[in-house]
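Read through the structure below, which is laid out as structure tokens, and then see the notes.
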Amino acid sequence: MVRRLEDRVAVITGGGSGIGLASARRLASEGARIVIVDIDREAGEAAAKEVDGKFHRVDVTNEEDVRSLYAAVHGMYGRIDVAFNNAGISPPEDDSILTTGIEAWERVNRVNLTSVYLCCKYVIPYMLEAGKGSVINTASFVATMGAATSQIAYTASKGGVLAMSRELGVQFARDGVRVNALSPGPVNTPLLKELFAKDAERAARRLVHVPLGRFAEPEEIAAAVAFLASDDSSFMTASNFLVDGGISGAYVTPL
Ligand code: NAD
């Protein structure tokens with residue numbers, strides 16, 4: 001394993017599970033010091049222990065908690081090199097626009113989009129002060145593609161993350177701070193596995209659109225996070241980094 005992140009400090013929101021946890025493992029294996037941020041104390045503490053990092057229990061929708069999170073991390077290490085703003089939700093009550101209520105709309109947008117606004121707002125000043133930093137915001141392939149199996153609030157929130165990341169990437173491009181959106185395709189997380197184990201037809205309806213013929217493993221997304229976090233991606237900013245098994249490039253997929 002190359003160690004591209006030796007001694008760098010990486011703050012990962014939603015680090016207790018799924019893509020965040022796999023990324024914590026990967027970044028740690030490349031030498032980074034990891035700060036796990038999660039609302040789930042048990043999962044977050046276990047993740048931090050595993051990667052020999054620190055845990056902060058924070059609800060990323062709470063402005064004061066987010067502000068003091070980055071102040072505490074900067075106070076402790078004197079630097080924040082990587083911010084992986086990744087916490088997100090995808091609840092079942094977010095569905096077609098015809099049935100999705102305002103409460104679900106607002107909750108999903110708060111957790112998925114407002115949180116990224118808050119994290120960027122409070123971490124970027126430390127990076128500007130240092131003259132360097134990499135911000136990675138988790139969007140989704142649904143920010144680029146439309147789905148007839150709608151989750152309208154989720155899709156809109158990820159579109160917001162994509163547009164905001166692009167603008168921040170452009171604004172701070174000459175200050176050493178890079179901002180990229182990471183857009184995963186469907187990932188083989190426990191929730192997705194359970195859902196599709198129960199409903200093969202539902203899985204098949206989605207899989208037919210993936211040229212690679214399968215969903216991603218969290219480790220495959222984590223590899224992209226490590227690239228975006230490292231200087232190997234030094235000429236990338238304001239990008240929509242799609243790691244989607246070819247979905248967004250496909251018309252007819254292989255049999
Ligand atoms: P996950 O549910 O496994 O992990 C998300 C983590 O975020 C959990 O540990 C959860 O406790 C935490 N979290 C939720 N709300 C929070 C809050 N308010 N404050 C702090 N932490 C909070 O999900 P995942 O599949 O690893 O997804 C991670 C990100 O990737 C999300 O933004 C998701 O939208 C995005 N994404 C996932 C997929 C997929 O197929 N799994 C595809 C594209 C994008």
Side-chain angles (χ1 to χ4, degrees), residues 3-15 20 23-24 26-28 30-39 44 47-48 51-88 112-139 160-182 222 224-241:
R3 289 178 69 87
R4 297 176 290 188
L5 302 169
E6 204 72 65
D7 290 331
R8 298 202 189 168
V9 174
V11 182
I12 303 177
T13 74
S23 301
R26 174 68 189 245
L27 268 52
E30 293 209 28
R33 287 173 285 172
I34 306 292
V35 178
I36 301 277
V37 177
D38 211 290
I39 199 167
V51 299
D52 201 16
K54 299 275 180 241
F55 171 64
H56 287 254
R57 191 199 170 274
V58 169
D59 176 347
V60 289
T61 68
N62 182 306
E63 180 165 14
E64 183 46 33
D65 283 5
V66 171
R67 195 198 58 73
S68 47
L69 161 72
Y70 294 111
V73 173
H74 192 264
M76 176 155 194
Y77 295 103
R79 58 194 289 173
I80 304 175
D81 302 278
V82 177
F84 182 29
N85 301 321
N86 163 77
N112 292 3
L113 178 58
T114 306
S115 72
V116 177
Y117 152 78
L118 290 173
C119 290
C120 289
K121 182 176 175 66
Y122 289 110
V123 79
I124 287 175
Y126 293 112
M127 294 178 168
L128 290 173
E129 197 184 300
K132 64 186 169 70
S134 173
V135 178
I136 304 152
N137 296 326
T138 306
V161 170
L162 178 59
M164 178 164 49
S165 306
R166 183 191 300 130
E167 188 138 304
L168 296 176
V170 173
Q171 183 180 355
F172 299 115
R174 300 197 185 171
D175 302 310
V177 178
R178 299 185 295 110
V179 184
N180 290 289
L182 173 71
V225 175
F227 169 68
L228 290 173
S230 80
D231 296 342
D232 278 352
S233 59
S234 53
F235 202 57
M236 287 188 66
T237 198
S239 82
N240 178 16
F241 198 64

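We count residues from 1, following the sequence as given.
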* Asked: When you measure from the side chain of Asp175 to the backbone N and O of Val177, does any donor-acceptor pair fall under 3.5 Å?
  -> no

* Drop me the distance from Glu63's CD to Ser115's OG, to the nearest 0.5 angstrom. => 12.5 Å

* In sequence, state the C-alpha distance, the side-chain angles, and the governing distance for Asp232 and Arg4, and then conclude on salt bridge (Lys or Arg N to Asp or Glu O under 4.0 Å). => CA-CA 8 Å; Asp232 278 352; Arg4 297 176 290 188; 3.0 Å; yes

* To do: Evaluate the criterion side chain to side chain contact (heavy atoms under 4.5 Å, CB included) for residue pair Val9 and Val73; output intermediate values, then yes/no.
  => CA-CA 9 Å; Val9 174; Val73 173; 4.0 Å; yes

* **Test item: Lys54 and Tyr77 side chains (from C-beta on) under 4.5 Å apart, heavy atoms** => yes

* To do: Could you check if a side-chain atom of Val135 sits within less than 4.5 angstrom of a side-chain atom of Asn180, using non-hydrogen atoms only?
  => no

* Closest heavy-atom pair and its distance - Ala28, Val51 -> CB-CB, 3.9 Å

* Value rounded to 0.5 Å, distance of CG in Leu118 from OH in Tyr70 -> 9.0 Å

* Asked: Ion pair present between Arg8 and Asp231, side-chain N to carboxylate O less than 4.0 angstrom?
  -> yes

* Under a 4.5 Å cut-off applied to non-hydrogen side-chain atoms, are Arg79 and Arg33 in contact? -> yes

* Asked: Hey, is the main chain of Gly133 close enough, under 3.5 Å, to the side chain of Arg178 for a donor-acceptor pair?
  -> no

* **Sub-4.5 Å side-chain heavy-atom contact between Asp81 and Ser134** => no

* Work out which heavy atom in Leu182 is nearest to a heavy atom in Ala224; give both atom names and the distance. => CD1-CB, 4.0 Å

* **Interatomic spacing from CD1 in Ile39 to CG in Asp59 - rounded to 0.5 Å** => 4.0 Å

* Asked: Taking atom types as modelled and ignoring hydrogens, do the side chains of Asn85 and Thr13 form a donor-acceptor contact shorter than 3.5 angstrom?
  -> no

* Asked: Do the side chain of Ser230 and the main chain of Phe227 share a donor and acceptor less than 3.5 angstrom apart?
  -> yes

* Heavy-atom distance under 4.5 Å between the side chains of Ile124 and Leu168, does that happen here? -> yes

* Between Gly88 and Asn112, what is the shortest heavy-atom contact and its length? -> CA-OD1, 3.2 Å

* Roughly how far, to the nearest 0.5 Å, is CG of Asn62 from CG of Leu69? -> 11.0 Å

* Any side-chain heavy atom of Thr138 within less than 4.5 Å of one from Phe84? -> yes

* To do: Decide yes or no on side chain to side chain contact (heavy atoms under 4.5 Å, CB included) for Leu228 and Met236, but give the supporting numbers first.
  => CA-CA 8 Å; Leu228 290 173; Met236 287 188 66; 4.0 Å; yes

* Structure fact -> Heavy-atom nearest pair, Cys119 first then Val60, reads SG-CG1, 4.4 Å

* Quick one: are Leu113 and Met164 in side-chain contact, heavy atoms under 4.5 Å? -> yes

* Going from CD1 on Ile12 to CZ on Arg26, what distance comes out if it is rounded to the nearest 0.5 angstrom? -> 12.5 Å

* Asked: Is there a donor-acceptor pair closer than 3.5 Å between any side-chain N or O of Thr237 and the backbone N or O of Ala173?
  -> no

* **Spacing of OH belonging to Tyr126 relative to NZ belonging to Lys132, to within rounding of 0.5 Å** => 15.5 Å

* Going by heavy atoms in the side chains, are Val82 and Val11 under 4.5 Å from each other? -> no

* Asked: Which pair of heavy atoms, one from Ala10 and one from Leu27, lies closest together, and at what distance?
  -> CB-CD2, 3.8 Å

* Asked: Got a salt bridge between Arg3 and Glu30, using NZ or NE/NH1/NH2 to carboxylate O under 4.0 Å?
  -> no

* To do: Please check if the side chain of Thr114 supplies one atom and the backbone of Thr61 the other of a donor-acceptor pair under 3.5 Å.
  => no

* Asked: So which heavy atom on Val225 is nearest to which on Ser23, and how close?
  -> CG2-OG, 3.6 Å

